[in-house]
Amino acid sequence: MRVLISGAAGFLGSHLVDRFLEEGYDVVGVDNFITGSPDNIAHLLGNPKFSFVEHDVTTFIYVAGQVDGVLHFASPASPIDYLELPIQTLKVGSLGTHKALGLAKAKQARFLLASTSEVYGDPQVHPQPEGYWGHVNPVGPRGVYDEAKRFAEAMTMAYHRTHGVDTRIARIFNTYGPRMRARDGRVVSNFIVQALKGEPLTIYGDGSQTRSFCFASDLVEGILRLFERGDADPVNLGNPSEFTVRELAELILQLTESQSSLVERPLPTDDPKVRRPDISRAQSMLEWSPQVSLEEGLKRTVAHFKAQLGA
Ligand code: NAD
Ligand code: UDP
């Protein structure tokens, strides 16, 4: 089996490449490095089962030979990134998804879309089941990401219904772990780097907003199971343990033994107040649930950033 993974040089994409190679797949990675890094796949160069194409997936994707699966992970994902790259974000979610689906159709390959909990926006139903249609501001600054992913889901279902493409939609909730960039802007990387450098931890708003943090290896296991034995309807993948942002900051201070203070900064526009996945569908269909606690996952992520900052 040979799969193509877009966004292969990113945080999640590169972990996914590693896992699919471990499972015996041949993998073609595609990335234009807009938010990713060659460092994330450097260890794979020379592996005969891995090949890499530097390419912007918003334009036609050419791959010679057999392709059995297309996993579309290309997209800026950190709010800082997609607010800086609004048009690229809209294009990769719309045109990029269309090109990736076109490739899957041409090769009669299975297709998996990396969607997001952001399709639920600032949710009015809590926790969020897949049947919830969401509460998104289309013209707010976050709309570029949320609406691109909502369009991507609609396009995926259209290819499934119209062309019979075998598709999957993973709605991924906040995931963290090694290979996040230090300057990624997401809360886990920001807080760990700030704590390790002895800088104040920047809490946006009063820190009472909640998120549910999933460790990368758990997420990758869920994606693999969804790809191999899921169905076309969207599936939430995330860790249902919910924490306030302030609780996260305090846990990171404790784990890093940092003396950093906490400072409040303005809450970004349309920042969701709560977020927590209802994972009953993934539990029953995929027999999947996260195994790594927040404390354990943070310890491993701290070790990664210590090594990166030390280097
Ligand atoms: P990331 O920024 O580390 O990785 C994204 C990768 O996509 C980067 O390597 C980037 O260079 C590449 N890319 C972007 N536009 C491209 C284009 N036009 N052509 C080719 N490559 C392009 O982010 P991540 O956290 O690894 O996210 C990966 C995917 O998972 C994204 O689709 C994101 O929306 C989704 N997701 C992630 C999370 C999370 O918490 N990490 C949550 C929900 C959804
Ligand atoms: N956040 C914060 N300080 C930071 C970065 C983020 O308080 O330095 C907050 C942010 O406002 C949000 C939560 O942490 O409420 C998660 O933010 P992140 O950027 O990781 O992802 P989001 O879940 O918003 O997509």
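As the structure lists them, so they are numbered: ligands from 1, and atoms in each ligand from 1.
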Winner among [options] once heavy atoms are compared against [atom]:
{"atom": "atom 43 (C) of ligand 1", "options": "I223, I172, T97", "answer": "I172"}
{"atom": "atom 5 (C) of ligand 2", "options": "Y176, Y204, Y145, Y82", "answer": "Y204"}
{"atom": "atom 2 (C) of ligand 2", "options": "D146, T202, L201, L248", "answer": "T202"}
{"atom": "atom 5 (C) of ligand 1", "options": "S75, G36, G7", "answer": "S75"}

Nearest-contact summary for [atom] - protein heavy atom, Å:
{"atom": "atom 24 (O) of ligand 2", "answer": "R142 NH2, 3.0 Å"}
{"atom": "atom 23 (O) of ligand 1", "answer": "A77 CB, 3.5 Å"}
{"atom": "atom 4 (O) of ligand 1", "answer": "G10 CA, 3.4 Å"}
{"atom": "atom 13 (N) of ligand 1", "answer": "N32 OD1, 3.5 Å"}
{"atom": "atom 40 (O) of ligand 1", "answer": "T175 N, 2.8 Å"}
{"atom": "atom 19 (N) of ligand 1", "answer": "V57 N, 3.0 Å"}
{"atom": "atom 13 (C) of ligand 2", "answer": "V245 CG2, 3.8 Å"}
{"atom": "atom 2 (O) of ligand 1", "answer": "T35 OG1, 2.6 Å"}
{"atom": "atom 29 (C) of ligand 1", "answer": "F73 O, 3.1 Å"}
{"atom": "atom 3 (O) of ligand 1", "answer": "F11 N, 2.9 Å"}
{"atom": "atom 23 (O) of ligand 2", "answer": "R211 NE, 2.6 Å"}

Numbering as shown, the atoms of ligand 2 that approach P268 to under 4.0 Å (heavy-atom distance) =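 Taking each heavy atom of P268 in turn, ligand 2 has 11 (O) under 4.0 Å.
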As an exercise, identify every atom of ligand 1 less than 4.0 angstrom from a heavy atom of [X].
{"X": "N174", "answer": "40 (O)"}
{"X": "F33", "answer": "11 (O)"}
{"X": "A9", "answer": "9 (O)"}
{"X": "L12", "answer": "26 (O), 30 (O), 37 (C), 41 (N)"}

Considering only heavy atoms, does [X] approach ligand 2 within less than 4.0 Å through its side chain, its backbone, both, or neither?
{"X": "N174", "value": "side chain"}
{"X": "S78", "value": "neither"}
{"X": "R275", "value": "side chain"}
{"X": "Q209", "value": "side chain"}
{"X": "D271", "value": "side chain"}
{"X": "R246", "value": "neither"}

Can you tell me how far apart [atom1] ([X]) and [atom2] ([Y]) are? Round to the nearest 0.5 Å.
{"X": "D31", "Y": "S37", "atom1": "CG", "atom2": "OG", "value": "9.5 Å"}
{"X": "I192", "Y": "L201", "atom1": "CD1", "atom2": "CG", "value": "9.5 Å"}
{"X": "E257", "Y": "L196", "atom1": "CD", "atom2": "CG", "value": "11.0 Å"}
{"X": "T162", "Y": "M155", "atom1": "OG1", "atom2": "CE", "value": "10.0 Å"}
{"X": "Y159", "Y": "L113", "atom1": "OH", "atom2": "CG", "value": "13.5 Å"}
{"X": "N190", "Y": "D184", "atom1": "CG", "atom2": "CG", "value": "7.5 Å"}

Salt bridge flag under 4.0 Å for residues [X] and [Y]:
{"X": "D39", "Y": "R181", "result": "no"}
{"X": "R168", "Y": "E228", "result": "no"}
{"X": "E153", "Y": "R150", "result": "no"}

Pairs of nitrogen or oxygen atoms closer than 3.5 Å, one from [X] and one from ligand 1: do any exist?
{"X": "S37", "result": "no"}
{"X": "Y145", "result": "yes"}
{"X": "R186", "result": "yes"}
{"X": "P76", "result": "no"}
{"X": "I34", "result": "yes"}
{"X": "S115", "result": "no"}
{"X": "D31", "result": "yes"}
{"X": "S117", "result": "no"}
{"X": "T116", "result": "no"}
{"X": "V92", "result": "no"}

task = Answer yes or no for R265: is there a heavy-atom contact with ligand 2 below 4.0 Å?
result = no
Contact summary for [X] and [Y], nearest pair of heavy atoms:
{"X": "G13", "Y": "I5", "value": "O-CG2, 4.3 Å"}
{"X": "T301", "Y": "G297", "value": "OG1-O, 2.7 Å"}
{"X": "S75", "Y": "T89", "value": "OG-CG2, 4.4 Å"}

query = Is NZ or CZ of R275 both nearer than 6.0 Å to the six-membered ring centre of Y120 and within 45° of the ring axis?
reply =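 So R275 doesn't make the cation-pi contact.
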If you measure from each heavy atom of [X] to ligand 1, is any distance below 4.0 Å?
{"X": "H55", "result": "yes"}
{"X": "D56", "result": "yes"}
{"X": "K149", "result": "yes"}
{"X": "C214", "result": "no"}
{"X": "S6", "result": "no"}
{"X": "Y176", "result": "no"}

ask   = What class does the angle between the rings of F111 and H72 fall in, given that below 30° is parallel, 30 to 60° is tilted and above 60° is perpendicular?
value = tilted
request  = Go through the steps for R211 and D271 under the test salt bridge (charged side-chain N to carboxylate O under 4.0 Å, His left out), then give the verdict.
outcome  = CA-CA 11 Å; R211 293 293 185 275; D271 196 285; 3.0 Å; yes
message = Using a plain distance cutoff, I'd like to know if V187 has any nitrogen or oxygen under 3.5 Å from a nitrogen or oxygen of ligand 2.
response =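 N/O-N/O distance below 3.5 Å exists for this pair.
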ask   = Any N/O of N190 closer than 3.5 Å to an N/O of ligand 2?
value =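 In this structure, N190 places an N or O atom under 3.5 Å from an N or O of ligand 2.
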Residue of the set R171, R142, K149 for which salt bridge (Lys or Arg N to Asp or Glu O under 4.0 Å) holds with E118 = R142
